[in-house]
Each structure stands twice: as C-alpha cells, then as structure tokens.
There are 2 protein chains.
Amino acid sequence: MNFQKRKQNILDKLNITGEVDVKQLAMELAISEITIRRDLNQLANDGLLYRTHGGGMKVDPLAKPVDFINKSAQNAAVKDEICRKAAEHIHDGDIIFMDCGSTVFRLCPFIKNKKIKVITNSLPVIYELQNCAVSLNIIGGEFDSERQAVHGKIANEHIARYRAGKAFLGVDGVSQNGLFANSELEAEITSAYINQSAYTYLLCDAGKIGKETYLKFADINQVEAIITNAKDGQLSCFKDTALAILQVK
Amino acid sequence: MNFQKRKQNILDKLNITGEVDVKQLAMELAISEITIRRDLNQLANDGLLYRTHGGGMKVDPLAKPVDFINKSAQNAAVKDEICRKAAEHIHDGDIIFMDCGSTVFRLCPFIKNKKIKVITNSLPVIYELQNCAVSLNIIGGEFDSERQAVHGKIANEHIARYRAGKAFLGVDGVSQNGLFANSELEAEITSAYINQSAYTYLLCDAGKIGKETYLKFADINQVEAIITNAKDGQLSCFKDTALAILQVK
DNA sequence: TCAATTTTGATTATTTTTGAACGAATTAAC
DNA sequence: GTTAATTCGTTCAAAAATAATCAAAATTGA
C-alpha cells in the first residue's frame, strides 16, 4: 500500500463520511499513525481536506459563482487559518482596507457579522459582503475584468481620499528587502492602501515569504505586521526588522 | 469528537433553534461546560454567533434588500421596448453613463456586444456587463445595499471627473416642470450625470410621465430626450419644451 | 548488485486540547 | 438596593495529538 493508494482511500472515506480519524485510518489501513498524519498533512497542504486535531474534514463546498473562487480554493485551509487570525484583529467600529488578492478574499466569511466599514477595490469582496453587517465603500475607477478589481490613476486618487485604521493586503512576494508584485497596477493600489492606513497587515502563505519577484514597490518597514503559516526558520530574514510576525498553525 | 466537529454541530443546532445553551450542549455532546464555553467564545470571535450569558444566539440574518432583478421584472415587456430603442442610439466607441434604476438596468443585454465604455454607480449593471465587450468604469464611494448602488459626496465628485457623450437615466417622475426623485441621494447622482454628459436620455414608462413626486432636482430643459411608451395625449405637457420624444409601441 | 533516495516506524519532546477548581463577574430574586 | 444563584474566565494539571529526530525498511536507478 503506497502513498498514492492511501491518499485515494482517505479521500474516498472523506467523501462518504465527511470526516476521517487518524487512529481509525491507521487501524483500517494497517499502518502507523505517524504515517497517516503525514498523509493528512500533505493532503491538507494540497487543499484537499481540512486538517483537524485527530483527523481531517472535507473542505467546505463553497458556493462558487465566479472562477475567482477556485483560485482562492488553492491552499484553502492555510488561507483560512491566516484569515481567522486576521479577523481576530478586526473589531466593531473599525475601518479597514481590503485589497483584491485571493487570500484577502477569504477574510470575508470571518468578518461578515462585524459592524465595520470596509473599503475595497475587489468586486468579489463587494459581492461577498454586500448583504451583511459590514458597511461597504467601493473604490472607483476603471474595472479590470481579469483581476475582478478596480485599478488605475483614479482608483489611486480615490484611495487617497480615505484613511483607515488597518489594511489587510496580499503581495506576490515579501523579504527583508521589501514587498514585491507581479503587476504595476496592483503594486500602485497596494502602495496607496499602505500610505493611507495606520497599521498594515500582510496576509502571506509560506510560499510568498522570501520570494522576490518582478517589481519591488515598498520597503518592509512600511508595513507593521505579517500573518503567515511559515515556520521560524523561513522567517529569520525578518529578524532585523520591526515587523510584527503573527504565525498560524 | 474534536473541536471542528463540535463547531459544526453547534452551528447546526443554532440554525434550527436560533439559540444554544451551555449546559444543554455540554450534556448533549458529552463534554464539559468549560469546553463548550471555549467553543462558543471562539465561534463568537469568528462572528458565527452572538455570545450570551449561558449560551449563544444566531447572528441576525439581515433582512435581504429588495430583489433587484424582480423589481426590474415589473413591467418587463415595456421596459425592454424602451431599452431596445435606447440601444439603437448607442454605437461602438461611445462613452455613456448609466444610473442605478431598474429600467436602466434592463439596457444591459442590449449593449453587451457593443465596444463602448460604460460609467455607472449600479452594482447590478456592473455584474451584468463584467464579462463582455463593454469596458467598465465603476463610480466609487459609499455603497448603499438597499439600492445596490454607490451614492454620496465622493461618488458625485467622482462623476465630475468624467465626461460622456450620452447618459441613460431613470427618474421617479417627470413633467414640464422638471425631473423628480424619491431620494436626495439618487437626485444628486442623476444631476451629476446630467451635468457631465453632452446628451441625456430619460428612460420612462408611462407611469412616470406627469408625475411630480417628493424632490425636484432638475429642469426639463437640462435633458435632451425621453424614451417612453406613453401615448401622445399624455405627452402633450412637453409641447412647449425642446425635449425630443422617442415613443415605443 | 549496490549505493542513493524515499518511505516508514519508534522514540522523545513539544504543543494542543480538555477538565477541575476557585475567585470574579453577571444575572435573577427578593 | 441587597442577597443568592448562575455563569464566566483564569490558572493549573492531565491527557491526547503532534512534530522532530533518528534509524530501519523499501524503492529506485545505474
């Protein structure tokens, strides 16, 4: 019984019962618990299940109106952990910026019932938050249908009209040398958010840490905190910075 | 029984009964009260329930705003005729304003394949046009979930940044004495569109003609044309104006 | 075959979860 | 108001699950 076969077996059980248990799997597949744990971790890392203490559960079959949601489902479990942590820093009365990344999008379910004001250029975020306790402010300007968001000069000027207590942003890469983006338009929007917020949180899965890609648009000391699933070793590059590091599972 | 499983269980009960009780949950799930309390606190922290003394309550499922599409379906046939006529006046290369009324919304299907630029404050219009030939520009500002549109000071200023060849607008009433609206916010947006467009079309079913309601916000000579299903007799009030009258079936 | 790599298992230390106790805070009753 | 009864959160300890480390077994590729 190799990994591929076990993986299939585990996913089958998951589809039938909705959950699996380490002890039970170890017994049924006649293999050690540590191996089962390694399997579950790998599956969770691939976004195929939610890892729980003692087992795993099926990934939420989220309603998926747009193709955007699928992209967002990559690494769903990790992103949800990051967003759950981020939501702990959002309280009634807050005014926050949210950018148009797929990680930040998953913050929506965790803030739906908070009495806050959200300023965003992301259409999926608007769609997700439009019928809930959140008060919405839409950044105006030219709509980019590929990114499902508003970008450009007018949008940047619009952001400059507002100030928020907190900003929750995604980037394509981050290291001790700064913040990196794959697109000039996104970089400008993110910069604008950083400039207009008192405290900026970066939401980054481990894959983004240490990655320096395409365009550097801000120094690391322009943001205050990073929320990530990366481990200590990977984060050592930030040891000479003032960055607050919030680690999740 | 791990936390995730309990969490789901608690939320299920909450959905059925609307409230949960620490003691009862502890008994039913065969677990200590302190653990239930910790669970409830975490769920409350995630915004999934309201914590009360002794238990928790469902977060109020906010009254859903008007189902925009249904409202738009009232008088659908008439509105479609008006919009078909309006679309005849829109050509490739045009830059047009569209406001947030239910009549104007029905213009969308008739312009999906035109290579034009649409500037709008209406979220339904944005959804409808987001994946087609039309290039979209979103008016920014505070989002009003009841009207499914952006309104307010910033929105008005944003509109003032642009100029368009044509504007397609709805009103709550129109007569030889001017244009009328049921809301100050909508009136201001409509005024802004009128000011920034070279040629303004009013889309009005017969019920709006001659109706003078609540707030007059513009003179009749500020707009250039009206597209309506009203008959000659009802339109006689405009005989002393320069208004172009485009009648449909 | 044999060495290199990968996978698996055992052991140990660490982390997470849970429960009990008790003082503090909140609600209900008077 | 004042008292009594719950309910709550903190602290500590026990139990369970996990991650880290290292060694054994299996697989792979020459």
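Below, each value reflects all heavy atoms present in this structure, side chains not excepted, and no hydrogens, waters or symmetry copies. Order of the sequence lines fixes the chain letters, A, B, ..., with proteins taken first and strands second; residue numbering starts at 1 for each chain.
- Between Gln42(B) atom CD and dT18(C) atom C1' the separation is 14 Å, expressed in whole Å.
- A salt bridge does not link Glu88(A) with Arg84(A): every distance from a Lys NZ or Arg NE/NH1/NH2 to an Asp or Glu carboxylate oxygen is 4.0 Å or more.
- At whole-Å resolution of the value, CG in Asn229(A) and P in dT18(D) are 18 Å apart.
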* Check the pair Asn137(B) / Glu142(A) against side chain to side chain donor-acceptor pair (under 3.5 Å), numbers first and verdict last. => CA-CA 4 Å; Asn137(B) 191 299; Glu142(A) 291 195 350; 4.8 Å; no
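- Salt bridge annotation for Glu19(B)-Lys13(B): absent, with no cationic side-chain nitrogen under 4.0 angstrom from a carboxylate oxygen.
- Residues Thr228(A) and Asp205(A) have side chains that never bring a donor and an acceptor to within less than 3.5 angstrom of each other.
- Within the structure, ring pair (Phe, Tyr, Trp, His ring centres under 6.0 Å) pairs that include any residue of residues 175-194 of chain A comprise Phe97(A)-Tyr193(A) (at least two apart or interchain).
- Side-chain contact, Lys58(A) with Thr17(A): no donor N or O sits under 3.5 Å from an acceptor N or O.
- If you measure from atom CG of Leu29(B) to atom C1' of dT17(C), you get 16 Å, rounded to the nearest angstrom.
- Rounding to whole angstrom units, CG of residue Asn45(B) and P of dG9(D) are separated by 12 Å.
- Computed from C1' positions of five pairs at each end, the angle between the two local axes of the helix from dT1(C)-dA30(D) to dC30(C)-dG1(D) equals 50°, rounded to 10 degrees.
- Phosphate contact (OP1/OP2 of dT7(C), side-chain N/O of Arg6(A), threshold under 4.0 Å): absent.
- Computed from coordinates, the Gln4(A) CD to dT6(C) P distance equals 14 Å when rounded to whole Å.
- Using a 4.0 Å cutoff on non-hydrogen atoms, no part of residues 17-25 of chain B comes near DNA chain C.
- Closest to the side chain of Ile31(B), out of dT18(C), dT18(D), dC8(D), is dT18(C).
- Scored by the side-chain hydrogen bond (donor to acceptor under 3.5 Å, both in side chains) test, Asp99(B) finds no partners at all (sequence neighbours excluded).
- Considering only residues two or more places apart in sequence or on other chains, His53(A) meets the ring-ring contact (aromatic ring centres under 6.0 Å, His included) condition with none of them.
- Within residues 32-41 of chain A, the residues approaching DNA chain D are Arg37(A), Asn41(A), by heavy-atom distance under 4.0 Å.
- When rounded to the nearest whole Å, the span between CZ of Phe3(B) and P of dA17(D) equals 17 Å.
- Checked for salt-bridge contact, Glu33(B) and Arg37(B) meet the test: a charged N lies under 4.0 Å from a carboxylate O.
- Under 3.5 Å, the side chains of Asn2(B) and Thr52(A) contain a donor-acceptor pair of N or O atoms.
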* Check the pair Gln8(B), Gln4(B) against side chain to side chain donor-acceptor pair (under 3.5 Å), reporting the backbone distance first and the verdict last. => CA-CA 6 Å; Gln8(B) 203 147 51; Gln4(B) 279 81 3; over 6 Å; no
